[in-house]
Amino acid sequence: MPIKIILHKDRCNGHARCVRKAPDVYRLDERGFIGSAPETVPAELEDQAIAGAGACPEEAIEIVQS
Amino acid sequence: MEQKNPGAVSSPACPFSAETQEKILHHFDHHSSLYRDHSAEALKLLRDQAPVAKTDAHGGFYVLTRYQDVLEAARDDERFCSFWGITIPTNKAPWDRAQTIPIDLDPPYNELFRDMMLPLFTPKAIDAYGVFLRQTATKLVDAFIEKGEADLARDFGSPLTALFTMELAGIDHAQADFYASTIQYGIAHPGDPDALARMAEARGRVSREVAAQKDNPRSGGLIDYLFKARVGGRPLMDWEIEAIVWLVLLGGVDSTQATISNMAVHLSDHPELKQRLIEHPDSWDDAVEEYLRLVTPQQGLSRTVTRETSLGGVELQRGDRVLMSWQAANLDESVFPNPNEIVLDRKNKRHLAFGIGKHRCMGSNIGRLEVLIALEQLLTRIPDFKVKAGEAELSADIGTVKAYKKVPITFTPGKRSA
């Protein structure tokens with residue numbers, strides 16, 4: 001079942017842990033805060049996407065089954 | 001099933017006498033020798049029996065030891081403010097202007113300064129610092145690798161982080177030892193008159209540095225950056241620049257070298273874990289996170305309650321002070337099972353070693369990189385290093401930063417890199 005990423009940008013404080021764990025999924029803006037992520041995740045990037053979300057100390061990234 | 005790890009340490013039942021338990025539960029003092037020698041056990045006793053415990057030490061405060069309570073306080077700057085001082089005891093009076101910026105400020109003011117500084121701390125900027133850090137780390141190991149012994153604190157962790165902090169700040173590298181030794185001493189002897197005098201001297205030197213660079217600009221580095229920067233559309237005042245540089249020095253020269261020493265001591269005590277890491281460089285990132293969690297270098301910071309509220313079921317009044325123990329939160333077994341072990345494949349990476357929320361440590365990813373590079377050097381160049389039995393010496397006071405004064409090691413001599 002494919003997964004979907006929901007970003008809660010208001011919770012982000014720029015720790016940048018998501019890109020460390022999932023450089024192919026998450027993009028930071030010029031301040032180093034979460035910029036973007038694909039809404040639906042290609043199967044081969046699912047593990048990365050989940051690891052990146054799990055690494056966010058602010059719980060700003062939510063993964064849902066779509 | 002939780003995987004057993006070679007880094008396992010047994011966690012005994014409560015090791016304290018009734019009298020000592022009473023002392024911890026009602027008179028907790030993170031600056032005491034009791035805390036220095038038994039911090040994890042003391043924090044566990046508090047978490048199990050009084051997670052929002054009132055103590056009469058240092059004029060009275062509450063100590064938070066559950067992950068959820070620490071998280072709640074750190075995230076709510078309106079109820080738990082920073083401006084009345086972020087350490088216990090504090091030497092900042094409510095009417096003093098900020099001594100360290102942005103950390104002393106509350107939102108939205110801290111964000112003005114934080115946002116101005118963020119470009120210095122993006123992942124891209126940090127990748128560039130990695131070049132300097134690797135070269136410096138290599139040279140430092142070169143200086144002792146042929147001898148077969150060293151003091152990892154004095155010869156490696158401290159100069160590595162101090163030289164980088166000078167580089168980042170834009171201060172002559174020759175000042176690294178002065179700032180590092182003075183600040184480490186000051187943090188390890190809070191309230192001691194001699195330590196306060198030495199800290200005042202270092203702080204005075206920052207003012208002179210900023211003034212000197214105003215007359216003779218030094219390109220590159222934080223001070224130069226701050227001269228050109230704007231907050232709220234205006235240039236920074238000199239005292240604001242000094243308060244920022246002072247914070248970068250305080251944050252740069254102690255807590256990360258502390259993590260490097262803490263990690264080295266633990267690795268020396270856990271040869272199977274060390275061997276596993278030598279064989280699996282892909283788990284070094286995870287090891288760094290686990291070391292930050294297990295031995296949180298900056299042990300905790302405080303906030304002041306701004307209005308009547310409750311936290312963890314305890315009623316708090318305006319003006320009450322709370323100590324958010326990052327260390328206790330990071331050892332909360334309801335969040336991190338087997339909290340006293342290094343568990344490399346632990347899924348939950350949400351430790352609070354760098355704080356959380358709008359005051360989270362801006363240098364967090366620099367600190368991580370420094371610890372990673374230190375780990376690389378230790379495991380690849382002196383992999384059989386061992387701490388001399390009984391010779392690693394903790395700081396006199398670990399209430400602010402859990403650091404080692406000395407980490408004497410021996411190892412099979414190796415070759416210099418060039």
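First the proteins, then the strands, lettered A, B, ... as listed; each starts at 1. Every value quoted in this text rests on a predicted model; they were computed, and no experiment measured them.
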To the nearest 0.5 Å, how far apart are CG in B/D115 and CZ in A/F33?
6.0 Å
Give a yes or no answer on whether the side chain of [X] reaches the backbone of [Y] with a donor-acceptor pair at less than 3.5 Å.
{"X": "A/N13", "Y": "B/H359", "value": "no"}
{"X": "B/R360", "Y": "A/G14", "value": "yes"}
{"X": "B/R75", "Y": "A/E58", "value": "yes"}
{"X": "B/R350", "Y": "A/C56", "value": "yes"}

Count the heavy atoms of every other residue, nucleotide or ligand shown that sit under 6.0 Å from [atom1] of [X], and state whether that count exceeds 12.
{"X": "B/Y109", "atom1": "OH", "answer": "no"}
{"X": "A/D29", "atom1": "CG", "answer": "yes"}
{"X": "B/E78", "atom1": "CD", "answer": "no"}
{"X": "A/Q65", "atom1": "CD", "answer": "yes"}

Heavy-atom pair of closest approach, residues [X] and [Y]:
{"X": "B/I356", "Y": "A/P57", "value": "CD1-O, 3.2 Å"}
{"X": "A/K21", "Y": "B/D286", "value": "NZ-OD1, 3.1 Å"}
{"X": "A/A16", "Y": "B/N365", "value": "CB-ND2, 3.8 Å"}

Does any heavy atom of chain B fall under 4.5 Å from the side chain of A/E30, the backbone, both, or neither of them?
backbone
Decide, yes or no, whether a salt bridge links B/E289 with A/R17 under the criterion of side-chain N to carboxylate O below 4.0 Å.
yes
Ion pair present between A/R20 and B/D285, side-chain N to carboxylate O less than 4.0 angstrom?
yes
Side chain, backbone, both or neither: which part of B/P123 has a non-hydrogen atom closer than 4.5 Å to chain A?
side chain
